[in-house]
Number of protein chains: 2
Amino acid sequence: MSAELRLNQIIDKLKARHFRLTPQRIAIVKALLTLSHPTVQQIYTEVRSSFPTTGLGTVYKTVTLLNELGEAFELTLGGGSSHYDAIEPYPHPHFICPQCGEIVNVEVPGLAELLERTGSTMNGWVITSRVDIWATCPRCQSAAGIRKYPEGGAMEQTSA
Amino acid sequence: MSAELRLNQIIDKLKARHFRLTPQRIAIVKALLTLSHPTVQQIYTEVRSSFPTTGLGTVYKTVTLLNELGEAFELTLGGGSSHYDAIEPYPHPHFICPQCGEIVNVEVPGLAELLERTGSTMNGWVITSRVDIWATCPRCQSAAGIRKYPEGGAMEQTSA
DNA sequence: TTAGATGCAAACTATTTGCATTTTC
DNA sequence: GAAAATGCAAATAGTTTGCATCTAA
């Protein structure tokens, strides 16, 4: 899914629902699509380069609106602010490098079935789920040279 | 792992590290082990039934200490406060019922391998991960009678 | 023209910090 | 007795809300 296509999709949805296409709003959507999994602060900083009077509250309101419209997915990582994904605005697994902070969407083949099976075992009606993996990315591996998190740490208990 | 055993393990660790065994601290550990995945507020309320002058800051400090000692695992669910698990103080999958708020630890057979395989595919050094499933629990299913979240909602996009 | 959006400031929630007083070891 | 913990209050951070002013439709 490309950023340009998503921009049009989101604009169409806003139009269809009779929300106004203000310059700030469009700039916020573009920032959401340009930056990778940005926080509200990051969007705010970006938007202010084009619209210096934009308020932080406006960014919060717009991001919340897009989230309610199903056009921006909120990713809560704990410790600080939420991140948003407007390119793939639905739950999906992430790879997160704690060294550089990079967040990447990943495919985990077979995961959906595994979770659905677990849901059945528990006799639950599955609504949604989240799967996130923290890992030192290749770039940070070479930068570090040595392993920051030696064996025997949290790693071995990665999952039950 | 039983609560009584964990209580002794935690007390032993505190002793070994020369942290003091104050009555408040022990009450906080007991509350952590008695309540299921409690928040700091819930621990605070519980502890104040025995020690009415206990401060919220003390609960925060103790829970943070236990977390740093690896004796309490922090679960960040977004929207509000962190939950803590001192019985299984390491990452593991959860079942969360959004209706009643119940949080249960679950086993997902084969998950560790799946995540490790994904880590290799990404050439990452896996540090930790989280897997959580939101599902209407059996009790709330019967209470509701009908499905709160019809097919075609967020459910179908449970994972990539 | 007018309902809706912006921008600014105040309010709120969860959490952290500082410090005088109290308590464990 | 000394180092550490408590309890209280003030500070912080992220986010939400209220409202007068402005603007897209």
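Chain A is the first sequence line, chain B the second, and so forth, proteins listed ahead of strands; every chain is numbered from 1.
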task = Write down the distance between CD1 (Ile26(B)) and C1' (dT6(D)), rounded to a whole number of angstrom.
result = 14 Å

request  = Please check the phosphate of dT6(D) (OP1 and OP2 only) for any side-chain N or O of Thr22(B) closer than 4.0 Å.
outcome  = yes

note = In whole angstroms, the gap separating C1' of dT6(C) from CZ of Phe51(A) amounts to 12 Å

remark   = Between CG of Leu69(A) and C1' of dG4(C) the distance, given in whole Å, is 14 Å

request  = Determine whether any donor atom in the side chain of Lys61(A) lies under 3.5 Å from an acceptor atom in the base of dG4(C), or the reverse, and answer yes or no.
outcome  = no

note = Those residues at least two apart in sequence (or on a different chain) that pass ring pair (Phe, Tyr, Trp, His ring centres under 6.0 Å) with His83(B) are none

inquiry  = Check this one for me: any side-chain N or O of Tyr60(B) less than 4.0 Å away from OP1 or OP2 of dT16(C)?
reply    = no

task = Check the side chains of His92(B) and Asp85(B) for a donor-acceptor pair under 3.5 angstrom, ignoring hydrogens and angles.
result = yes

inquiry  = Measuring to OP1 and OP2 of dT23(C), would you say a side-chain N or O of Gln24(B) lies under 4.0 angstrom away?
reply    = no

message = Output the rounded distance in Å from OH (Tyr44(B)) to C1' (dC8(D)).
response = 10 Å

message = What's the closest nucleotide to the side chain of Leu56(A) if the choices are dA24(D), dT24(C), dT15(D)?
response = dT15(D)

query = Taking all non-hydrogen atoms of both residues, which atom of Arg130(A) and which atom of Thr76(B) are closest, and how far apart?
reply = NH2-O, 2.8 Å

key: From dA3(D), dA24(D), dA14(C), nucleotide with atom closest to Arg20(B) side chain   = dA3(D)

Nearest to side-chain heavy atoms of Thr64(A), which nucleotide of dT16(C), dG4(C), dT16(D) = dT16(D)

query = In whole Å, what is the span from the NE2 atom of His18(B) to the C1' atom of dA5(D)?
reply = 17 Å

ask   = Can a donor-acceptor pair be found between the side chains of Tyr44(A) and Glu46(A) at a distance below 3.5 Å?
value = no

request  = Measure the distance from NE2 on His83(B) to P on dA14(C) and round it to the nearest whole Å.
outcome  = 11 Å

message = Check the phosphate of dT15(C) against Ser82(B), side-chain N and O only, distance under 4.0 Å to OP1 or OP2. Yes or no?
response = yes

message = Of the listed nucleotides (dT2(C), dT6(D), dA14(C)), which one gets closest to any side-chain atom of Thr58(B)?
response = dT6(D)

message = Whether the side chain of Arg25(A) and the base of dA5(C) hold a donor-acceptor pair under 3.5 Å is what I'd like checked.
response = no

key: Nearest-angstrom distance from the residue atom CD1 of Ile28(A) to P of dA5(C)   = 12 Å

task = Rounded off to whole Å, could you give me the CG-to-C1' distance for the Leu21(A) and dA3(C) pair?
result = 15 Å

ask   = Side chain of Pro23(B): nearest nucleotide among dT24(C), dT6(C), dA3(C)?
value = dT24(C)

query = Is it the case that Thr54(B) and Gln24(B) place a side-chain donor and acceptor less than 3.5 Å from each other?
reply = no

message = Reading DNA chain C from 5' onward, which residue's closest nucleotide shows up sooner: Phe19(B) or Gly80(B)?
response = Gly80(B)

